[in-house]
Q: 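Input: one structure, supplied below.
Because only heavy atoms are used, hydrogens play no part in the values below, and waters and symmetry mates are left out as well, while side chains stay in. Chain letters run A, B, ... following the sequence lines, proteins first and then strands; every chain starts at 1.
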Amino acid sequence: GAVVSQHPSWVICKSGTSVKIECRSLDFQATTMFWYRQFPKQSLMLMATSNEGSKATYEQGVEKDKFLINHASLTLSTLTVTSAHPEDSSFYICSARDGGPPNQPQHFGDGTRLSIL
Amino acid sequence: DQQVKQNSPSLSVQEGRISILNCDYTNSMFDYFLWYKKYPAEGPTFLISISSIKDKNEDGRFTVFLNKSAKHLSLHIVPSQPGDSAVYFCAASVRDGANSKLTFGKGITLSVRP
């Protein structure tokens, strides 16, 4: 099946640090990748949609200057949380959709637990 | 406004019995529905999906039923196994191309007792 790798799985850092999270599709080409955020006991909330070679589309209320997304190739998207603060602590998950066959589901990475001290 | 609702936060079932997980939605434009399973500290894993042109889709022990008039879908797992214990998310989308977005419910925690 389709495999999405997300790295790192856990980050603890000081306030003011910028953190980069990578999302890779390992066995398929993903023209579109999605970034989600999940708070405890809540649903996954879409932050942005990322298309290879173009600017990401951010959901309402998500600061694009705070959460920088780069989709440089068909297998890699990165999310950079800039100048992270404790309120940015959360579980971040990426997903990717196979750009080949139509009507494919999104496949998810294992997520990144971000803790800002 | 929660467009996809999973009103029961948890469900406990005996091994070998049927698990029925329910999901309701409010957006009549949704035409594609998915169920994902999630273990702690892992990302969601795709289980099964259904298009709005169908009312049932079956894959092994998993069957999804869709009632469009009631805006309701359910996931049936039979027989339930202890390894099925996880959080199950219902998701819905409007299929309008590669960028079609998923809207998730809050999830149901299923516990299957040995």
Side-chain angles (χ1 to χ4, degrees), chain A residues 1-10 21 23 25 28-52 54-60 71 74 91-113, chain B residues 1-10 21 23-27 30-54 57 59-60 62 64 86-109:
Chain A
V3 179
V4 174
S5 173
Q6 189 172 337
H7 178 81
S9 57
W10 193 286
I21 303 169
C23 181
S25 56
F28 65 98
Q29 292 188 328
T31 52
T32 306
M33 289 185 171
F34 303 85
W35 287 95
Y36 294 84
R37 183 174 181 175
Q38 185 186 24
F39 292 104
K41 300 192 184 299
Q42 298 295 315
S43 62
L44 283 74
M45 299 300 296
L46 180 66
M47 298 174 65
T49 302
S50 166
N51 287 298
E52 185 265 338
S54 63
K55 290 184 179 180
T57 302
Y58 290 81
E59 295 300 300
Q60 193 173 10
H71 194 155
L74 286 172
F91 190 57
Y92 294 87
I93 313 178
C94 72
S95 73
R97 177 180 286 134
D98 191 331
N103 303 327
Q104 294 298 300
Q106 292 180 26
H107 296 280
F108 286 81
D110 280 343
T112 298
R113 174 73 60 191
Chain B
D1 179 36
Q2 192 82 16
Q3 296 189 64
V4 176
K5 301 177 184 179
Q6 294 178 264
N7 292 320
S8 300
S10 63
L21 288 71
C23 179
D24 298 291
Y25 60 96
T26 57
N27 188 343
F30 287 144
D31 59 2
Y32 185 51
F33 305 88
L34 309 89
W35 283 94
Y36 284 85
K37 174 182 180 180
K38 184 180 183 300
Y39 292 116
E42 293 185 10
T45 302
F46 170 71
L47 269 179
I48 192 169
S49 64
I50 188 167
S51 163
S52 60
I53 62 174
K54 294 185 174 182
N57 188 24
D59 184 1
F62 302 92
V64 57
V87 178
Y88 288 79
F89 289 95
C90 170
S93 74
V94 178
R95 280 198 295 197
D96 55 0
N99 286 2
S100 57
K101 300 183 287 190
L102 291 179
T103 301
F104 284 86
K106 288 187 177 182
I108 301 173
T109 300

Q: Heavy-atom distances under 4.5 Å only: say whether Y39(B) touches chain A with side chain, backbone, both or neither.
A: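 Contact with chain A is absent: no heavy atom of Y39(B) under 4.5 Å.
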Q: Considering only heavy atoms, which portion of Q6(A) lies under 4.5 Å from any heavy atom of chain B: side chain, backbone, both, or neither?
A: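 Neither the backbone nor the side chain of Q6(A) comes within 4.5 Å of chain B.
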Q: Out of curiosity, S93(B) OG to D31(B) CG, how far, rounded to the nearest 0.5 Å?
A: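 Answer for the OG-CG pair, S93(B) versus D31(B), is 6.0 Å.
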Q: Side chain, backbone, both or neither: which part of L34(B) has an atom under 4.5 Å from a heavy atom of chain A?
A: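 Only the side chain of L34(B) comes within 4.5 Å of chain A.
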Q: Does F108(A) form a side chain to side chain contact (heavy atoms under 4.5 Å, CB included) with K38(B)? I'd like the steps, not just the answer.
A: CA-CA 10 Å; F108(A) 286 81; K38(B) 184 180 183 300; over 6 Å; no
Q: If you round to the nearest 0.5 Å, how far is CD of E52(A) from NE2 of H71(A)?
A: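 The CD atom of E52(A) is 6.0 Å from NE2 of H71(A), to the nearest 0.5 Å.
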Q: To the nearest 0.5 angstrom, please state how far the SG atom of C94(A) sits from the CH2 atom of W35(A).
A: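 With rounding to 0.5 Å, SG (C94(A)) is 4.5 Å from CH2 (W35(A)).
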Q: Tell me, side chain or backbone of L44(A) under 4.5 Å from chain B's heavy atoms, or both, or neither?
A: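 Looking at L44(A), backbone and side chain both touch chain B.
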